[in-house]
Amino acid sequence: MKTPRISCGSPPPPLLLLLVLAGVCIDGYKPVIIVHGLFDGPKQFKTLSLFISKTHPGTEVTVIDLYDNLASLKPMWKQVHDFRKAIDSIMRKSPDGVHLLCFSQGGLICRAVLSTTPDHNVHTFISLSSPQAGQYGDTDYLKWVFPECVKRTVFRICYNRLGQKVSICDYWKDPHHISAYLQGNSFLTMLDGDRPHNDMKAWRSNFLRLKKLVLIGGPDDGVITPWQSSHFGFYDSNENIVEMRNQELYKNDTFGLKTLDARGAMAVCVHSGVKHVQWHSNFTVFRSCIERWLT
Ligand SMILES: *[C@@H]1O[C@H](CO)[C@@H](O)[C@H](O)[C@H]1NC(C)=O
Ligand SMILES: *[C@@H]1O[C@H](CO)[C@@H](O)[C@H](O)[C@H]1NC(C)=O
């Protein structure tokens, strides 16, 4: 009886081919686009850019130099318009797709860009300590912008046409004045579909072009309030936390969050001991929550 030859598959490829393949992998990191937050700019993202180029050599990293520092208070839709243009031109040069890494307020700018750009090729969207479900808290930032106000009174300034021209009002969500919010807010209400509009279906399918959504935040942030907003959790009218999966906008799947989650396309990363301005410069955070997604 003949013993059958056991095939171990195709013969090994020649060394040259292996080297070429390895080269393709190294060069294959998708470009990373960074969008800064309130009161900062490219300067604050040097460390993060260094982390990326050290761990993934050859990655093209762009920190978009728009609406830096005080200019970051400009209305959100205006910023979204200009950031979209800058992001778009990088996407066009990157047929294999790009990653978006967006910090704080920048995370909402990026979400709006994703929803309103029909043909985007963003692969992974990393939302780094961003008030995705809104902001309601007494913080230093609030004192700098509205020195006369505390969180209980800000709604009086924010929820009208003039107030909506200040970025933080565009995502200020007072849980005790939700009807004023729904009437007077023209940014977050539209993104969330709380204020129905004709483009909701289109925005949802744009958003769902994403392959991965990474939500990063933690309890010692000190600025994002409640900190769970970085993971789409928020206050109810008694200031108790309602987690993302119990939020109306999740259950109704108005902008695609639930679908994305059901697809397994969502990763959540929580770290304690990290203050707001440390998120982008903390190597532990980078290693455990960011690095693996930037391929
Ligand atoms: C969610 O769906 C419920 C029931 O259909 C509806 O009453 C509510 O207005 C919706 N909420 C949002 C935010 O779309
Ligand atoms: C960096 O992150 C680690 C892990 O969460 C945390 O324990 C540490 O306090 C952070 N350091 C700074 C300076 O943020």
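Both ligands and their constituent atoms are indexed starting at 1 by order of listing. As the structure is a computational prediction, the values presented were derived from the model and not from experiment.
Between Phe103 and Phe45, the two ring planes are perpendicular [angle over 60°; tilted spans 30° to 60°]. Classification of the Trp144-Phe39 ring pair by plane angle, with boundaries at 30° and 60°, yields perpendicular. Between Phe155 and Tyr159, the angle of the ring planes lies from 30° to 60°, which puts this pair in the tilted group.
Within a 6.0 Å sphere centred on CD of Glu60, other residues, nucleotides and ligands contribute 12 heavy atoms or fewer.
Ligand 2 has a nitrogen or oxygen under 3.5 angstrom from a nitrogen or oxygen of Ser272. Not a single N or O atom of Thr284, backbone or side chain, sits closer than 3.5 Å to an N or O atom of ligand 2.
Checked against Tyr171 for a side-chain hydrogen bond (donor to acceptor under 3.5 Å, both in side chains), the options Gln132, Gln135, Gln105 give a single hit: Gln105.
Those atoms of ligand 2 that come under 4.0 Å of a heavy atom in Val274, given as number and element, are 2 (O), 5 (O). The contact set between ligand 2 and His271, taken as ligand atoms under 4.0 Å from a residue heavy atom, comprises 4 (C), 5 (O).
Taking atom 13 (C) of ligand 2 as the reference point, the nearest protein heavy-atom neighbour is Gln278 OE1, 3.7 Å. For atom 9 (O) of ligand 2, the nearest non-hydrogen atom of the protein is Gly273 O, 2.9 Å. Here the protein heavy atom with the shortest distance to atom 10 (C) of ligand 2 is Asn282 ND2, 2.4 Å.
For the residue pair Ser288 / His271, a side-chain donor-acceptor distance below 3.5 Å is found, with atom types taken as modelled.
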